[in-house]
Amino acid sequence: MSEDDDGLKHTPLYDLHVSLGAKMVPFAGYDMPVQYPLGVLKEHQHTRAKAGLFDVSHMGQVVLRAKDPEAAKRALEALVPVDVLGLGEGRQRYAFFTNDHGGIEDDLMIANRGDHLFVVVNAACKAADIARMRAALEPEVTVKEITTRALLALQGPAAEAVLAEHYPNITNMKFMDVETLPLGGAECWVSRSGYTGEDGFEISVPEAAAVDLAKALLAHEDVEPIGLGARDSLRLEAGLCLYGHDIDSSTTPVSAQLTWAMQKVRRPGGDRAGGFPGADEIFSELAESCAQKRVGLRPDGRAPMREGVEIFASEEGGEAVGRVTSGGFGPTVGGPVAMGYVSSALATEGTQLYGEVRGKRLLVTVAKLPFVPQGFKR
């Protein structure tokens with residue numbers, strides 16, 4: 001990774017982005033492409049219809065190793081409320097670090113690679129996440145940040161066919177499978193996963209081979225480069241959380257409606273219940289509910305409701321009952337979509353509320369998530 005004069009880091013694909021006409025913006029300490037000449041709307045639509053290539057090399061890639069691989073799993077379970085010990089080899093699982101109050105410090109992906117665990121964390125949180133893992137896991141478990149590999153995401157219904165031209169047996173992979181595969185002449189760590197709601201793959205590739213692989217994928221007629229703008233609208237339609245917005249250190253897995261990621265073995269009554277930060281608070285909310293819950297929101301009309309819009313139960317008067325955490329226009333939906341937190345008593349699908357936009361309260365309806373059906377290959 002290199003840096004520019006402003007201290008922003010460059011991913012290995014920076015020069016390629018510039019050559020493709022990308023508009024670059026600061027994001028999590030990196031100079032990243034927000035859009036290409038195709039534009040955010042068409043980039044979004046192309047990913048839904050065919051395949052989009054994303055540079056996600058700003059994410060943190062971490063390998064956890066111990067003399068006994070089971071010891072690494074057991075140690076990591078003390079930091080996350082999910083089943084790591086039961087994660088099969090060649091499989092990946094969504095997780096989150098919690099704090100002593102049950103709040104989410106970051107969300108992450110954990111892959112069982114047999115003799116080690118491979119963890120991918122968010123860019124803005126990776127320094128804190130790595131420090132957290134080192135403090136809790138070392139010396140029994142070695143925590144190694146991988147800084148010599150780029151990370152690409154190929155997303156969309158054509159993603160499998162595109163990659164199959166490079167490795168035909170990739171069609172055997174199912175959602176959340178992980179494998180080491182030869183792509184573009186390099187050893188790549190591939191997972192069938194992504195952040196768009198579409199079928200797709202995330203590819204950790206050696207830095208020296210990253211540009212060649214990206215160019216090879218972009219040479220396919222069904223693939224276009226996609227920036228952060230469309231990445232955000234795609235994940236919002238898919239009902240996926242953005243850390244620091246829809247989830248943070250003050251939101252719990254219960255309030256964020258992410259308890260589906262907590263397997264029975266880690267819940268009350270399970271064989272390995274608790275033992276992670278904030279377990280008592282989270283278990284209390286599981287039993288008694290919580291003050292607010294994350295919900296989907298469909299604003300009436302065409303005007304989007306952006307992050308920070310306050311939600312009210314009535315058209316006039318009263319205190320705010322919630323707040324929008326992510327919002328914008330959903331190109332696939334054909335109208336505005338949003339996510340946010342509202343009082344648990346008002347979190348039922350179909351509940352009509354009001355969002356205050358520029359001093360005027362506009363109708364918004366609690367909606368089912370995701371807004372767009374997910375296309376994962378199960």
Side-chain angles (χ1 to χ4, degrees), residues 59-122 125-147 149 174-180 189-193 202 204 243 247 249 251-254 256 258-287:
M59 305 284 280
Q61 302 182 63
V62 184
V63 166
L64 307 180
R65 290 185 185 274
K67 289 183 179 180
D68 176 7
E70 295 301 300
K73 296 180 189 177
R74 192 175 298 108
L76 186 58
E77 269 200 4
L79 297 179
V80 297
V82 305
D83 178 11
V84 183
L85 277 169
L87 181 60
E89 184 174 345
R91 294 288 293 166
Q92 180 173 261
R93 178 162 285 162
Y94 175 74
F96 25 80
F97 292 124
T98 50
N99 58 34
D100 290 340
H101 304 289
I104 299 172
E105 292 292 331
D106 195 15
D107 58 344
L108 61 146
M109 302 298 291
I110 302 169
N112 179 358
R113 303 309 313 272
D115 65 348
H116 68 276
L117 296 174
F118 179 55
V119 176
V120 178
V121 299
N122 283 305
C125 303
K126 64 182 174 183
D129 289 343
I130 292 168
R132 175 181 295 106
M133 287 188 282
R134 284 179 172 152
L137 306 181
E138 290 182 337
E140 182 182 25
V141 179
T142 301
V143 179
K144 181 181 181 182
E145 182 182 6
I146 304 301
T147 58
R149 301 180 77 90
K174 299 292 192 295
F175 181 58
M176 290 296 199
D177 279 349
V178 294
E179 290 190 33
T180 297
W189 307 340
V190 181
S191 66
R192 192 156 197 164
S193 59
E202 292 177 304
S204 175
Y243 191 80
I247 51 176
S249 60
T251 57
T252 69
V254 181
L258 294 175
T259 53
W260 57 264
M262 296 175 58
Q263 291 72 36
K264 289 182 179 179
V265 71
R266 305 305 310 281
R267 296 184 183 218
D271 290 343
R272 298 192 311 282
F276 53 86
D280 290 345
E281 288 77 4
I282 292 170
F283 288 175
S284 176
E285 288 190 353
L286 282 172

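Heads up: numbering here begins at 1 and tracks the sequence.
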Tell me if a side-chain donor or acceptor on [X] pairs with a main-chain N or O of [Y] at a distance below 3.5 Å.
{"X": "Q92", "Y": "G90", "answer": "no"}
{"X": "D106", "Y": "K126", "answer": "no"}
{"X": "R266", "Y": "V80", "answer": "yes"}
{"X": "R272", "Y": "R74", "answer": "no"}
{"X": "D107", "Y": "Y243", "answer": "no"}

Heavy-atom check, side chain of [X] versus side chain of [Y], under 4.5 Å:
{"X": "N122", "Y": "M59", "result": "yes"}
{"X": "T142", "Y": "H116", "result": "no"}
{"X": "F96", "Y": "L258", "result": "yes"}
{"X": "R113", "Y": "V63", "result": "no"}

Nearest heavy atoms of [X] and [Y], plus distance in Å:
{"X": "V82", "Y": "A261", "value": "CG1-O, 3.0 Å"}
{"X": "P253", "Y": "T98", "value": "CG-CG2, 4.4 Å"}
{"X": "A71", "Y": "V141", "value": "O-CG2, 4.3 Å"}

Checklist entry - Between D177 and R91, is a side-chain contact (heavy atoms from CB on, under 4.5 Å) present by the stated rule, with each step listed? => result CA-CA 5 Å; D177 279 349; R91 294 288 293 166; 2.8 Å; yes
Checklist entry - With a 4.0 Å cut-off, would you call K73 and E70 a salt bridge? => result yes
Next on the checklist: Does K67 have more than 12 heavy atoms from other residues, nucleotides or ligands lying within 6.0 Å of its NZ?
Outcome noted: no
To the nearest 0.5 Å, what is the distance between [atom1] ([X]) and [atom2] ([Y])?
{"X": "L85", "Y": "D271", "atom1": "CG", "atom2": "CG", "result": "11.0 Å"}
{"X": "S191", "Y": "M109", "atom1": "OG", "atom2": "CE", "result": "6.5 Å"}
{"X": "L64", "Y": "N112", "atom1": "CG", "atom2": "CG", "result": "11.0 Å"}
{"X": "E105", "Y": "I247", "atom1": "CD", "atom2": "CD1", "result": "11.0 Å"}
{"X": "R149", "Y": "Q61", "atom1": "CZ", "atom2": "CD", "result": "7.0 Å"}
{"X": "I110", "Y": "L76", "atom1": "CD1", "atom2": "CG", "result": "4.5 Å"}

Item to check | Chi angles and distances behind the side-chain contact (heavy atoms from CB on, under 4.5 Å) call for R192, E179 | outcome: CA-CA 9 Å; R192 192 156 197 164; E179 290 190 33; over 6 Å; no
Checklist outcome for this item: Residues at least two apart in sequence or cross-chain that pass salt bridge (Lys or Arg N to Asp or Glu O under 4.0 Å) with D115, listed by chain then number, are R65
Checklist entry - Which is it for R132 and D129 under the salt bridge (charged side-chain N to carboxylate O under 4.0 Å, His left out) test, yes or no, and what are the steps along the way? => result CA-CA 5 Å; R132 175 181 295 106; D129 289 343; 2.8 Å; yes
Item to check | For R93, the option from D83, V84, L108 that meets side chain to side chain contact (heavy atoms under 4.5 Å, CB included) | outcome: D83
Under 3.5 Å, sequence neighbours excluded: what are the donor-acceptor pairs made by side chains of residues 275-286?
from : atom 1 : to   : atom 2 : distance (Å)
E285 : OE1    : T252 : OG1    : 2.6

